[in-house]
Amino acid sequence: MKASNFFLPIRREVNEVSISAKIMLKSGMIQKLASGLYSWLPMGYKIMSKIENIISEEFENMGFNRMCIPTLHPADLWKESERYDAYGKEMLRVFDRKNNEFIYGPSAEEPCVDMVRQANINKNNLPINLFNIQWKFRDELRPRFGVVRCREFYMCDGYSFHETVDQSSKFYDDVFKGYHRIFKKLGLEAIAKEAETGEVGGLKSHEFHIPSDVGEDEIEINGSNKSSLELGHIFLLGDRYTAPMKLSITNSENKQFPLIMGCYGLGVSRIVAAMIEKYYNHESDSIVWPIDFAPFAINIINADMKCENCINLSNEICNKYKNIAFYDDRIISVGQKFTASDMIGSPIKIVIWPKELKNGLVEIRFQGKKENIEIEKIYEYVNNIMQF
RNA sequence: CGGGGCGUAGCGCAGUCUGGUAGCGCAUCUGCUUUGGGAGCAGGGGGUCGGAAGUUCGAAUCUUCUCGCCCCGACCA
């Protein structure tokens, strides 16, 4: 990708309080559209998509099937589960042209139960494990901290259906472990904590927190109370939804009993904010992404746009690594390119200086080291890091 | 929803108290000089001061209403 073809509005100044919101706005990842509503610009969307993919993969590894539920749900479904009134003003209600009432889903237990119950299943179909990654809306009293506590957010929500509580509970434990694997992959050290089931209901639940400055909860970490940020929450729901919504199967004695359900949430857009806080360095005012989810693993900085050889080499490297390289081909000072580079956060930076190039060398920066290597060895060097 | 604050150029802000038809930095455009970590000089463009009503000869500035946004609290999967 060339900078000249990529919409990346980096800002010098931004009026924001929380670190993640400030960096995300500054670095051109997001823009505010209204209170609690953020547009994801190309760079931010790339990052979120990478995280989404990692989460999606792990959910599939755990045995979930990915599907997708609309953002709008018929209000009647939520009346069936008796959450329509319980959810209150946080739930956004909309009416279509026929004056039918819908809600913009703050979660998706109801339509998911409906999805399974329409399928007319028997015990041989069990277990059924589904998940979707979809936008949710909660009309928060006070949105804040950018995408940490916004109104429209991107959430991964899984739903499991088993015959017995024991089976459901065992799966719950598997997901519990799976969550730790996901957080580890993302480089986040999440702490699980038994929690209230609250509004959602059910038999038990666990929250997953990371220590954070923009946290909203307090949990005990290493003996002291730190405010923390909740990134995920899993629930063993029992028949909280399946009973009122009549999702049941018939046993050999011709008796009907409701399925045992679990639900598993992960705040994808919130995780992006958490990761900014993790991978942003205050002293250098820069981001360094791990290779696995860097929006661009390689940043090519051409120091002299008048140097033909520099341009040719930059183009060559950029073409070679089309999908993972970001070539700053703008006709601006090197200093500005470095500043942009600090915000882009590519772990591998290739700087092409005209004087070094004359000696057949280019500069590569990786993991805090800066070294000049011969042109012929660039690909070997990069492939080695990328494990190609 | 209670308390506080803000809305002036793309971004960040001053000007408001004490009314006299708008200013700074960055960005942008033009030209020249520069070019190894946000270059320098010169010149230019861009704002019905969130909106409405009122007071006044005259309102960014005063009054009332309204909309939007932020912070603290309460609330929160």
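The sequence lines fix the lettering, A, B, ..., with proteins before strands; numbering per chain opens at 1. Keep in mind that this is a model prediction, so the values were computed, not measured. Only this structure's heavy atoms are used, side chains among them; waters, hydrogens and symmetry mates stay out.
Closest non-hydrogen pair, A:Arg270 versus A:Val148, comes out as NE-O, 2.7 Å. Here the shortest heavy-atom pairing between A:Leu203 and A:Thr197 reads C-CG2, 4.3 Å.
What separates NZ of A:Lys337 from C1' of B:rA39 is a distance of 15 Å, to the nearest Å. Atom-to-atom, CZ of A:Arg142 to P of B:rC1 comes out at 15 Å; the value is rounded to the nearest Å. Straight-line distance from the NZ atom of A:Lys26 to the P atom of B:rA27: 15 Å, rounded to whole Å. The distance between atom CD of A:Glu13 and atom P of B:rG38, rounded to the nearest whole Å, is 17 Å. The CZ-P distance, from A:Arg330 to B:rA27, rounds to 13 Å in whole Å. One atom, CD of A:Glu90, and another, P of B:rA77, lie 8 Å apart when rounded to the nearest Å. Across the protein-nucleic acid pair, A:Arg12 atom CZ and B:rA9 atom P stand 19 Å apart, rounded to whole Å. Protein atom CD of A:Glu140 is 16 Å distant from nucleotide atom P of B:rC1, rounded to whole Å.
For the pair A:Lys136 and A:Phe153, the NZ or CZ position fails the cation-pi test of under 6.0 Å to the six-membered ring centre and within 45 degrees of the ring normal.
Heavy-atom nearest nucleotides on RNA chain B were determined for A:Val17 and for A:Glu196, and the one closer to the 5' end corresponds to A:Val17. Mapping A:Pro143 and A:Val14 onto RNA chain B via the closest heavy atom, the residue that lands nearer the 5' end is A:Val14.
Across the C1' atoms, B:rG50 and B:rA27 are found 23 Å apart, a figure rounded to whole Å. For the C1' atoms, the distance linking B:rG68 with B:rA52 amounts to 15 Å, nearest Å. The same atom, P, is picked in B:rU61 and in B:rC17; the two are 9 Å apart, to the nearest Å. Here the separation of B:rG73 from B:rA14, taken at their C1' atoms, is 31 Å to the nearest Å. Taking atom P in both B:rA9 and B:rG47, the straight-line distance is 11 Å, to the nearest Å. Of the P atoms belonging to B:rC29 and B:rC69, the separation is 32 Å, rounded to the nearest Å. Rounded to whole Å, the P atom of B:rU28 lies 16 Å from the corresponding atom of B:rG38. On the C1' atoms, B:rG20 is 30 Å away from B:rC67, given to the nearest whole Å.
Under the Watson-Crick and G-U wobble criteria, each requiring two contacts below 3.5 Å, nucleotide B:rG2 is paired to B:rC72. With a 3.5 Å ceiling on both atom-pair distances, the Watson-Crick or G-U wobble partner of B:rA52 is B:rU64. Nucleotide B:rG10: paired with B:rC26 (Watson-Crick or G-U wobble, both distances less than 3.5 Å). In this entry B:rU34 has no Watson-Crick or G-U wobble partner, no candidate having both defining distances under 3.5 Å.
Considering A:Phe235, A:Phe64, A:Tyr179 in turn, A:Phe64 is the only one that fulfils the ring pair (Phe, Tyr, Trp, His ring centres under 6.0 Å) rule with A:Tyr264. Partner of A:Ile249 under the side chain to side chain contact (heavy atoms under 4.5 Å, CB included) criterion, chosen from A:Lys123, A:Gln256, A:Lys255: A:Lys123.
Contacts of A:Asp342 with the nucleic acid, taken as non-hydrogen atoms under 4.0 Å apart, include base atoms. In this structure, A:Glu356 reaches the bases: a heavy-atom distance under 4.0 Å links it to at least one base atom across the strands shown. When heavy atoms are screened at a 4.0 angstrom cut-off, A:Ser35 is found touching the sugar-phosphate backbone but no base atom. If you check every strand for non-hydrogen atoms under 4.0 Å, A:Lys32 touches sugar and phosphate atoms only. Residue contacts for A:Arg151: at a heavy-atom cut-off of 4.0 Å it reaches no nucleic acid atom on any strand shown. Across all strands shown, A:Met155 has heavy atoms under 4.0 Å from base atoms, whether or not it also approaches the sugar-phosphate. In this structure, A:Ala195 reaches neither bases nor backbone, as no heavy-atom distance under 4.0 Å exists between it and the strands shown. Using a 4.0 Å heavy-atom cutoff across all strands shown, A:Phe153 reaches no nucleic acid atom at all. Within 4.0 Å (heavy atoms only), A:Pro106 reaches at least one base atom of the nucleic acid.
Picking from B:rC75, B:rA77, B:rA39 the nucleotide with the shortest atom distance to the side chain of A:Gln336 gives B:rA39. Ranking B:rC1, B:rG36, B:rA77 by closeness to the A:Tyr87 side chain, first place goes to B:rA77. Of the candidates B:rC72, B:rC69, B:rG12, B:rG12 carries the atom nearest the A:Asn15 side chain, counting heavy atoms from C-beta on. Here B:rG38 is the nucleotide among B:rC72, B:rG38, B:rC11 with the atom lying nearest to any side-chain atom of A:Ser333. Between B:rG38, B:rC71, B:rA77, one nucleotide has an atom nearer to the side chain of A:Arg144 than all others, and that is B:rC71.
The aromatic ring of A:Phe235 is not stacked on the base of B:rA77, since the criterion of ring centres less than 5.5 Å apart with planes inclined by under 30° is not met.
In this structure, A:Arg93 does not pair ionically with A:Asp139, as no charged nitrogen and carboxylate oxygen lie closer than 4.0 Å. Ionic pairing of A:Arg330 and A:Asp328 is present here: one or more N-O contacts between side-chain nitrogen and carboxylate oxygen are shorter than 4.0 angstrom. For A:Glu189 and A:Lys184, the salt-bridge test fails: no basic side-chain N is under 4.0 Å from an acidic carboxylate O.
Residue-to-nucleotide contacts include a donor-acceptor pair under 3.5 Å from the side chain of A:Arg138 to the base of B:rA77.
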